[in-house]
Amino acid sequence: MAVKKSQKLSQTAMLKQILKRCSSLGKKQGYDEHGDVPKGHFPVYVGEKRTRYIVPISFLGHPEFQTLLQQAEEEFGFNHDMGLTIPCEEVVFLSLTSMIR
């Protein structure tokens, strides 16, 4: 049982780190205050061409999206200027996000 609690704690810490990082992306990328990222959303970059998608923060709570975030952390880390990059094909990302909505 302690393992599950420890895993949940690390997931919570990871989500807090992602939320903090995503909330500062708009300022770093030069988006205006009224801008192109609606409140409660954040940008991600997907696929070889790094196509930009705007996703709701509520996605962070879904296990399928958390798996993508773990893959992103392993491949790219969360500390780079490009923004949150998801390492999967666009078709896979769109399929997954359509199931979450």
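Heads up: numbering here begins at 1 and tracks the sequence.
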Fill in: Heavy-atom check, side chain of Thr85 versus side chain of Val46, under 4.5 Å
no

Practice prompt. Identify the two heavy atoms, one from Cys88 and one from Phe93, that lie closest to each other, and give their separation to 0.1 Å.
Written response: SG-CB, 3.8 Å

Practice prompt. Report yes or no: does Ser95 contribute a side-chain atom to a donor-acceptor pair with the main-chain N or O of Val91 at less than 3.5 Å?
Written response: no

Worksheet item: Side chains of Leu68 and Glu73: closer than 4.5 Å at any heavy-atom pair?
Response: no

Fill in: Contacts of type side chain to side chain contact (heavy atoms under 4.5 Å, CB included), residue Glu89, not counting sequence neighbours
Val92

Worksheet item: Are Leu84 and Phe76 side-chain neighbours, meaning at least one heavy-atom pair lies under 4.5 Å?
Response: no

Fill in: Glu64: side chain to side chain contact (heavy atoms under 4.5 Å, CB included) partners, not counting sequence neighbours
His62, Leu96

Worksheet item: Can you name the nearest heavy-atom pair linking Pro87 to Ala72, along with the distance?
Response: CD-CA, 3.6 Å

Practice prompt. Show the numbers, then the answer: is there a side-chain contact (heavy atoms from CB on, under 4.5 Å) between Arg52 and Asp36?
Written response: CA-CA 11 Å; Arg52 183 172 183 250; Asp36 59 356; 3.4 Å; yes

Discussion item. Just to verify, what does Glu90 make a side chain to side chain donor-acceptor pair (under 3.5 Å) with, not counting sequence neighbours?
Written reply: Thr51, Tyr53

Worksheet entry | Beyond-backbone contact of Lys39 with Ile57, side-chain heavy atoms, under 4.5 angstrom | no

Discussion item. Counting C-beta onward and ignoring hydrogens, is there a side-chain heavy-atom pair between Val44 and Phe59 closer than 4.5 Å?
Written reply: no

Worksheet item: With a 4.5 Å limit on heavy-atom distance, are the side chains of Leu60 and Leu69 in contact?
Response: yes

